[in-house]
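This report refers to the structure that appears directly beneath it.
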Protein chains: 2
Amino acid sequence: MTQPGETTSYRDIKRTVLERIRSGTWRPDTLLPNEQELAVEFSCTRTTVNRALRELAEEGFLERRRKAGTRVLSAPQRQARFTIPLVRDEVEAGGGQYRYALVSAELQPAPEWLSARLQLRAAQEVMHVRCMHYSSNTPFQYEDRWIVAESVPQVAQADFSATGPNDWLVQTVPFTNVELTFLASRADATLAGFLDMPEGEPVFTAERTTWLQGRPVTFAKLYFGAGYRMTTQI
Amino acid sequence: MTQPGETTSYRDIKRTVLERIRSGTWRPDTLLPNEQELAVEFSCTRTTVNRALRELAEEGFLERRRKAGTRVLSAPQRQARFTIPLVRDEVEAGGGQYRYALVSAELQPAPEWLSARLQLRAAQEVMHVRCMHYSSNTPFQYEDRWIVAESVPQVAQADFSATGPNDWLVQTVPFTNVELTFLASRADATLAGFLDMPEGEPVFTAERTTWLQGRPVTFAKLYFGAGYRMTTQI
DNA sequence: CAGTGGTCTAGACCACTCG
DNA sequence: GAGTGGTCTAGACCACTGA
């Protein structure tokens with residue numbers, strides 16, 4: 001397989017293993033030879049085999065357990081990976097010209113549903129920001145966001161007239177934990193107005209809840225314009 | 001930092017690096033010390049540092065380039081990772097009892113829109129399968145799927161009365177390439193009937209197009225029942 | 001308890017790319 | 001051209017876990 005003078009790389013091994021799975025040489029549930037044996041077969045070190053198999057396991061093709069060995073997964077755990085872009089990047093990637101517009105921004109006591117959701121104290125102060133993102137003047141996304149003032153005190157002085165709250169947060173509170181949810185919701189009158197669609201239309205919606213070391217930072221509802229599709233290759 | 005007798009693991013390094021980023025010690029765009037220097041600091045080998053930084057780069061925190069070095073990304077490229085479960089697993093994970101029901105399955109010439117989408121020859125034969133997935137007898141998902149007979153000849157003999165086409169395909173044609181799209185669509189009369197919801201309701205929808213080494217295998221529209229949410233932690 | 005993968009060391013050569 | 005990360009080798013010890 002490997003010519004003299006060539007070295008076997010972990011990529012070669014990954015490719016070969018995948019091919020054996022695809023071709024049915026190693027069917028689902030098959031136990032692979034152990035790393036030592038594969039190292040001999042591929043004439044490389046166990047380290048190299050290890051890296052190949054480790055990555056394949058991480059990609060959802062194999063299952064590895066000490067002592068039990070490495071097994072072909074019966075149903076490959078395919079994972080969709082979405083990179084979450086900033087809205088501006090997403091618009092520009094689509095060939096549009098990005099424009100931002102603030103709708104409203106005000107400090108207010110958290111509504112009850114938000115307090116429940118983020119485990120806030122009753123009526124804790126939050127900054128409520130609503131804004132629009134346009135792609136070449138076509139409505140792209142309506143954003144409805146709450147930022148917990150106690151967790152991000154600077155928010156009281158923040159100016160969202162030119163910059164969106166997400167951009168601001170990324171600069172101010174980087175590296176948070178995020179819970180992301182996708183759903184289909186229904187355009188009410190307000191939303192239909194902002195997104196320029198008939199009332200009652202389905203709207204692709206994302207909800208992002210963000211925490212910084214256990215403390216709630218922000219909750220955002222992102223409503224995407226008509227025809228929005230989120231696509232990924234696996 | 002490391003006590004004598006302890007070894008520094010790549011996990012320790014990852015944690016420390018993340019902490020320095022979080023705390024602002026290494027701000028966005030900062031150039032990190034090179035691997036050799038970090039190896040000295042952490043008193044370990046460059047190999048170990050390499051693994052730590054490589055993984056952090058893959059997770060979207062760092063950018064690495066030869067000669068240029070390793071840099072903190074200004075906007076961390078957070079990635080959402082969804083594991084795509086089999087419907088049955090998804091239902092059972094939600095505590096429901098899974099039930100499958102075939103609606104129809106017939107060989108037919110591909111409709112024009114499908115031929116265009118999958119680059120088929122005109123009127124090429126496809127198996128059209130429609131079926132329902134229930135969670136404890138509540139509609140969970142309506143599946144509308146086309147399977148290209150030329151790419152999967154066995155489909156002509158397949159029996160979808162007891163097993164869903166996805167289960168069958170996973171067994172028959174594993175390890176394909178997939179394009180996955182999420183969108184919000186609108187329940188027409190048929191869909192509203194199957195999913196037991198009022199007509200016109202928003203429906204969370206996934207489209208999966210599957211290829212095997214460049215040849216189109218299947219296209220599926222998956223319509224999820226009322227209130228469906230797809231959630232992930234990042 | 002024995003077999004398997006998980007990880008680390010020490011050293012080397014190489015590929016890429018910035019200046 | 002020279003500095004950086006990318007990868008491989010050879011060997012070792014260890015953690016976990018199945019039989």
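What you see is a predicted model, and the numbers here were worked out from it, not measured in a lab. When reading the values below, keep in mind they use all heavy atoms of this one structure, side chains included, and skip hydrogens, waters and symmetry mates.
Between B:L62 atom CG and D:dT4 atom C1' there is a gap of 15 Å when expressed in whole angstrom units. Taking atom CG of A:L32 as the reference point, atom P of C:dG5 lies 9 Å away to the nearest angstrom. Rounded to an integer number of Å, the gap from B:N34 CG to C:dC16 P is 20 Å. Here C:dC18 presents its P atom at 10 Å from CD of B:E63, a figure rounded to the nearest Å. Taking atom CD on B:E35 and atom P on C:dC14, their separation rounds to 18 Å, with Å as the unit. The interatomic distance linking A:R71 (CZ) with C:dG3 (P) rounds to 18 Å, in whole Å. As rounded to whole Å, 11 Å separates atom C1' of C:dG3 from atom CD of A:E37. Going from atom CG of B:D12 over to atom C1' of C:dC8 covers 12 Å, rounded to whole Å.
A:T138 and A:S136 form no side-chain donor-acceptor contact under 3.5 Å, judged by distance and modelled atom types alone. When only modelled atom types and interatomic distance are considered, B:Y228 and B:E90 share a side-chain donor-acceptor pair under 3.5 Å. Remark: the B:T218 side chain and the B:R145 side chain contain an N/O donor-acceptor pair separated by less than 3.5 Å. For the residue pair A:R99/A:Y134, the side-chain donor-acceptor check at 3.5 Å is not satisfied.
Checked against C:dC18, C:dG6, C:dT7, the side chain of A:R66 finds its nearest nucleotide in C:dG6. Of the candidates C:dT9, D:dA10, C:dT17, the closest approach to any side-chain atom of B:T45 belongs to C:dT9.
The residue A:R11 sits close only to the backbone: its heavy atoms come under 4.0 Å of sugar-phosphate atoms, none of a base.
Counting only Watson-Crick or G-U wobble pairs whose defining distances are both under 3.5 Å, the stems of 3 or more consecutive pairs in DNA chain D are C:1-18 with D:1-18.
The side-chain hydrogen bond (donor to acceptor under 3.5 Å, both in side chains) test with A:Y10 is passed by exactly one of A:E55, A:R15, A:R51: A:R51.
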For the pair B:K14 and B:V17, evaluate side-chain contact (heavy atoms from CB on, under 4.5 Å) and give the outcome as yes or no after the intermediate values.
CA-CA 5 Å; B:K14 284 179 75 172; B:V17 170; 6.0 Å; no

Would you check, one step at a time, whether the test side-chain contact (heavy atoms from CB on, under 4.5 Å) holds for B:T45 with B:T48?
CA-CA 6 Å; B:T45 53; B:T48 303; 3.3 Å; yes

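Residues A:F182 and A:F204 place their aromatic rings such that the two centres sit under 6.0 Å apart.
Distances shown here put a side-chain N or O of B:Y10 below 4.0 Å from the OP1 or OP2 atom of C:dT7. Considering only side-chain N and O atoms, B:S9 lies under 4.0 angstrom from the phosphate OP1 or OP2 of C:dC8. Taking side-chain N and O atoms only, A:R46 has no distance below 4.0 Å to OP1 or OP2 of D:dA10.
The local environment of CD in A:Q154 is crowded, with over 12 non-hydrogen atoms from other residues, nucleotides or ligands closer than 6.0 Å.
Contacts between residues 47-58 of chain B and DNA chain D, defined by a heavy-atom separation under 4.0 Å, are made by B:N50.
Remark: B:Y98 engages B:H133 in a ring pair (Phe, Tyr, Trp, His ring centres under 6.0 Å) (not counting sequence neighbours).
Taking for each of A:K67 and B:R64 the nucleotide of DNA chain D with the nearest heavy atom, the 5'-most of the two is the partner of B:R64. Nearest-nucleotide positions on DNA chain D place B:A68 closer to the 5' end than the other of A:A68 and B:A68.
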